[in-house]
Every structure is written in structure tokens, then in C-alpha cells.
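Just below is one structure, and these are the notes that go with it.
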Amino acid sequence: MAKRTTRKSVTVRRQGRRVMPALRRTAQRARVAAERAQLTVGEVIAAAFDTAGGELGEALEVMTSPQMARALGRRIIVVG
């Protein structure tokens, strides 16, 4: 491919761009979302209980789900 092109009698140097890999792009979005919302562990647990309707087992499933880990940018591991 030519390094220069002519546009209306003006020589313009071509410049290419590389596309950012999808894995880094999604990690960057998750990091930005996590920085935007500063939540405490207590707030996350309370939200999980509200979502699950007060059921302990369902709240644990919500907290440890891959969707929650992706939204927070961190994994939650419950030891009990």
C-alpha cells in the first residue's frame, strides 16, 4: 500500500491504526465501571438480598454470579 496519497494536489501521508483486542477493551470497560461506582461489601450484600427477596441461597447465587463479578470488576467468594 502506498505511504502517501494525493488529495486535491496536496500530498498526505497515510497513517494506519490498530484495533484494540476485544479482551483488553472489555477489561477496560469493567475497570471504568468499577471506578465509577464505589460500593462497600455491605451495600453489595444488601442489594443481593433485595434482589433475591430475602432468601439466603438465592442471595449467595446473585453475589457469586459471573455477571456480578463482571459488573464489579472483582470476584466475590463466600466462605461458610
Side-chain angles (χ1 to χ4, degrees):
M1 194 163 149
K3 291 185 179 181
R4 294 178 183 269
T5 186
T6 305
R7 178 191 275 169
K8 294 186 181 179
S9 72
V10 177
T11 303
V12 178
R13 184 175 170 93
R14 290 182 185 232
Q15 182 177 4
R17 283 184 48 191
R18 292 184 183 172
V19 178
M20 184 182 290
L23 183 62
R24 279 189 24 212
R25 190 172 45 231
T26 55
Q28 185 178 16
R29 286 181 191 156
R31 192 177 315 117
V32 168
E35 289 173 357
R36 184 176 52 222
Q38 294 289 329
L39 296 174
T40 63
V41 176
E43 291 172 338
V44 172
I45 293 170
F49 270 101
D50 287 344
T51 303
E55 295 290 327
L56 178 62
E58 292 180 25
L60 287 174
E61 287 180 17
V62 170
M63 284 188 292
T64 58
S65 69
Q67 292 83 7
M68 182 67 83
R70 195 175 308 122
L72 295 175
R74 300 182 184 270
R75 277 181 59 198
I76 297 177
I77 300 172
V78 180
V79 180

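Please read these numbers as outputs of a predicted model, since none were measured by experiment. Heavy atoms only: backbone and side chains are in, while hydrogens, waters and symmetry mates are out.
- Closest approach of Met63 to Ala48, counting heavy atoms only: CG-CB, 3.4 Å.
- Remark: the backbone N or O of Thr40 is paired with a side-chain donor or acceptor of Glu43 at under 3.5 angstrom.
- With hydrophobic clusters built from ILVMFWY side chains whose heavy atoms lie under 4.5 angstrom apart, Leu39 does not share a cluster with Ile77.
- Residues Ser65 and Val62 share a closest heavy-atom pair of OG-O, 2.9 Å.
- Among all heavy-atom pairs drawn from Thr64 and Leu60, the shortest one is OG1-O, 2.7 Å.
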